[in-house]
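These values consider heavy atoms only, across backbone and side chains, with no hydrogens, waters or symmetry-generated copies. Keep in mind the model is a prediction, meaning the values are calculated, not measured.
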Amino acid sequence: MNLPNKITVFRFCCVPFLLIASMVQFRYHWVVALLIYFLACMSDKADGIIARKQGIVTDFGKLMDPLSDKSLVLAAFITQINLGWHTDIVIMLMMAREFLVAGVRMAAVTEGEVIAANAFGKAKTFLQMASTGLVYLFLAIMEKDSEVVIAANGFNAPDWLNIFCTVSFWIVAVVTVLSGLKYTKDGWHLIKTK
């Protein structure tokens, strides 16, 4: 297995640690979650640069790199929505898009084609990582300053953070859906022939 693919597998391995750091309360757990998430997001950039620079773009990388990104981002959204922000439908829209694109990609594989991530999909991934990454950053800063209180009855965060999350998550959801429509359009010839 080449280095970019190992980095992709590493990103998959970050997901359970991100979930643990986000959901298990211990001193500075949001700081730990932020560091794990930042490292995993940076690994996404690193594997792409290395693969292109060394000319070792593989079918495994084309398929698994986007899946590792999806796993990481969905884990981040789920842990943050678990904090009580009422944007559950955002997750449903994103999951529907991911299943749709995965279906198109599987149809492509049966025809001997590989549909790599396009510019729209990459923009979607960047916005997802940026919005969730900022939330982790805010939570880490507030945890350090003892402004975030997790009580027995749930999560208590400032109103501005609730508003930021709601607005940014919905913007990302719209871009995600548009990205899914673009992949469907690009793979429509595969769906039509089935």
Side-chain angles (χ1 to χ4, degrees), residues 3-19 21-22 33-53 56-81 85 87-106 108-109 113-139 164-187:
L3 180 58
N5 290 346
K6 287 179 181 175
I7 295 173
T8 296
V9 171
F10 163 78
R11 195 155 52 257
F12 274 115
C13 294
C14 287
V15 172
F17 293 101
L18 177 67
L19 290 170
S22 299
L34 171 65
L35 292 174
I36 293 169
Y37 195 62
F38 179 78
L39 184 61
C41 289
M42 288 301 99
S43 76
D44 177 45
K45 188 73 176 167
D47 67 13
I49 291 171
I50 294 168
R52 285 186 294 276
K53 188 174 180 181
I56 47 176
V57 177
T58 63
D59 287 346
F60 176 89
K62 288 179 185 176
L63 289 170
M64 298 308 287
D65 181 69
L67 286 177
S68 67
D69 295 342
K70 293 174 193 5
S71 300
L72 181 68
V73 167
L74 286 175
F77 273 108
I78 288 168
T79 59
Q80 292 175 11
I81 286 176
W85 295 308
T87 50
D88 304 40
I89 195 162
V90 169
I91 282 289
M92 298 309 296
L93 288 169
M94 289 185 189
M95 288 180 71
R97 182 266 186 205
E98 302 309 348
F99 283 121
L100 175 66
V101 172
V104 170
R105 282 190 165 133
M106 283 190 279
V109 168
E113 294 182 36
V114 175
I115 299 177
N118 59 34
F120 211 157
K122 289 177 181 177
K124 178 267 310 179
T125 299
F126 171 78
L127 286 174
Q128 287 178 337
M129 288 181 173
S131 62
T132 50
L134 279 172
V135 174
Y136 277 122
L137 177 62
F138 295 148
L139 290 170
F164 171 82
C165 289
T166 301
V167 172
S168 65
F169 286 9
W170 272 105
I171 289 170
V172 172
V174 169
V175 174
T176 299
V177 169
L178 292 174
S179 163
L181 293 174
K182 174 76 169 80
Y183 275 99
T184 305
K185 179 178 175 288
D186 292 347

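No side-chain heavy atom of Leu100 sits under 4.5 Å from any side-chain heavy atom of Tyr183. Residues Asp65 and Asp47 form a side-chain contact, since some pair of their non-hydrogen atoms from C-beta on lies under 4.5 Å apart. The side-chain heavy atoms of Leu18 and Tyr136, taken from C-beta on, include a pair separated by under 4.5 Å. Looking at Val175 and Trp170, their side chains never come closer than 4.5 Å, going by heavy atoms from C-beta outward. Side-chain atoms of Phe169 and Ile91, non-hydrogen and from C-beta on, never get closer than 4.5 Å to each other. For the pair Phe164 and Val135, the minimum side-chain heavy-atom distance is below 4.5 Å. Side-chain contact between Ser131 and Leu127 is absent, with no heavy atoms from C-beta onward closer than 4.5 Å. Side-chain contact between Ser168 and Leu134: absent, with no pair of heavy atoms (C-beta onward) separated by less than 4.5 Å.
Donor-acceptor pairing under 3.5 Å is lacking for the side chains of Thr79 and Tyr37. Counting only N and O atoms by type, the side chains of Thr132 and Gln80 include no donor and acceptor under 3.5 Å apart.
Within the model, atoms CD1 of Ile56 and CG of Leu3 stand 6.5 Å from one another, a figure rounded to the nearest 0.5 Å. Expressed to the nearest 0.5 Å, how far CD1 of Ile7 lies from SG of Cys13 amounts to 12.5 Å. We find the CG-OG distance between Leu19 and Ser22 to be 6.5 Å, quoted to the nearest 0.5 Å.
Applying the ring pair (Phe, Tyr, Trp, His ring centres under 6.0 Å) test to Phe120 and every residue at least two apart in sequence or in another chain returns nothing.
Within a 6.0 Å sphere centred on CZ of Phe17, other residues, nucleotides and ligands contribute 12 heavy atoms or fewer. More than 12 heavy atoms of other shown residues, nucleotides or ligands fall within 6.0 angstrom of atom CZ in Phe12. Around CZ of Phe60, the count of heavy atoms belonging to other residues, nucleotides or ligands within 6.0 Å exceeds 12.
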Less than 3.5 Å apart, which donor and acceptor atoms pair up between the side chains of residues 69-78 and the rest of the protein, not counting sequence neighbours?
residue, atom, partner, partner atom, Å
Asp69, OD1, Arg11, NE, 3.0
Lys70, NZ, Glu98, OE1, 3.1
Ser71, OG, Leu67, O, 3.0

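Here the closest heavy-atom approach between residue Lys124 and residue Thr176 is recorded as CG-OG1, 3.4 Å.
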Problem set entry | side chain to side chain contact (heavy atoms under 4.5 Å, CB included) assessment of Phe38 paired with Leu137 | CA-CA 10 Å; Phe38 179 78; Leu137 177 62; over 6 Å; no
